Q: 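The structure follows.
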Amino acid sequence: MNASTGVSTADLYDERGDELQSVSTQLQNLGGLARFSGPVRTVRCHRDNALLKSVLGTPGEGAVLVIDGGGALESALVGDIIAGLGVENGWAGIVVNGVIRDRAAISGLPIGLKALGSNPAKSSKTGEGEADVPVTFGGVVFRPGAILWSDEDGILVER
Ligand SMILES: O=C([O-])CC(=O)C(=O)O
């Protein structure tokens, strides 16, 4: 633990590896905060971001929203307005198995954000998808309520 930068996932893994899952997906650190942690909340959706926008519009209370977009690279699930909602509502971070847009603006926001990359194309807004269900990617099951830690090395999640 380093007070100025938060917990190191490598140190945490050395201490508690048996209790933790490590995400193999090579997500990029795109938010203003490289290190973040908190209890998992989830959304599963496919190229549609109305549901995740409504969730980020509610109090986050320090949680991390894990969005399983199925790894789709064709359209962005989060932009600077949606990420800004997360900041305003007290979310610690957003993890996207998919892509974002407004990358330059998002890099200056005080929130953790990891994603596969970026694409300027926008997603649909029908509201399809599910919230607060277990989601799986990168060899990890993200259960709502499990604690997640993220830094420059990767993401660890309680089993
Ligand atoms: O509206 C969208 O699809 C995402 C977006 O651009 C934003 O959050 O700023």
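Order of listing sets the numbers, starting from 1, for every ligand and every atom in it. Counting begins at 1 with the first residue of the sequence. Computation of the quantities below employed the complete heavy-atom set of this structure, encompassing side-chain atoms and omitting hydrogens, waters and symmetry-equivalent molecules. Note that this is a predicted model, so its numbers are computed, not measured.
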Q: Evaluate side chain to side chain contact (heavy atoms under 4.5 Å, CB included) for V99 paired with L77, printing each intermediate quantity in order.
A: CA-CA 6 Å; V99 292; L77 288 173; over 6 Å; no
Q: Name the residues with a heavy atom less than 4.0 Å from ligand 1?
A: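 Close residues (ligand 1, cut-off 4.0 Å): N49, G79, D80, I81, I82, R101, D102, K125.
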Q: What's the spacing between C45 SG and R47 CZ if we round to 0.5 Å?
A: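 One finds 11.5 Å between SG of C45 and CZ of R47.
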Q: Within a reach of under 6.0 Å around CG of D14, are more than 12 heavy atoms found that belong to other residues, nucleotides or ligands?
A: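 Yes, the 6.0 Å shell around CG holds more than 12 heavy atoms from other groups.
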Q: Given F36 and L148, is the side chain to side chain contact (heavy atoms under 4.5 Å, CB included) satisfied, shown in steps?
A: CA-CA 8 Å; F36 56 98; L148 176 156; 4.3 Å; yes
Q: Whether the S124 and D48 side chains hold a donor-acceptor pair (N or O, under 3.5 Å, no angle test) is what I'd like checked.
A: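 Their side chains do contain a donor-acceptor pair, which is all the 3.5 Å distance test asks for.
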Q: I'd like to know whether D132 forms a side chain to side chain contact (heavy atoms under 4.5 Å, CB included) with R41, so could you lay out the CA-CA distance, the side-chain angles of the two residues, the decisive distance to 0.1 Å, and finally the verdict.
A: CA-CA 6 Å; D132 293 318; R41 300 274 308 276; 3.0 Å; yes
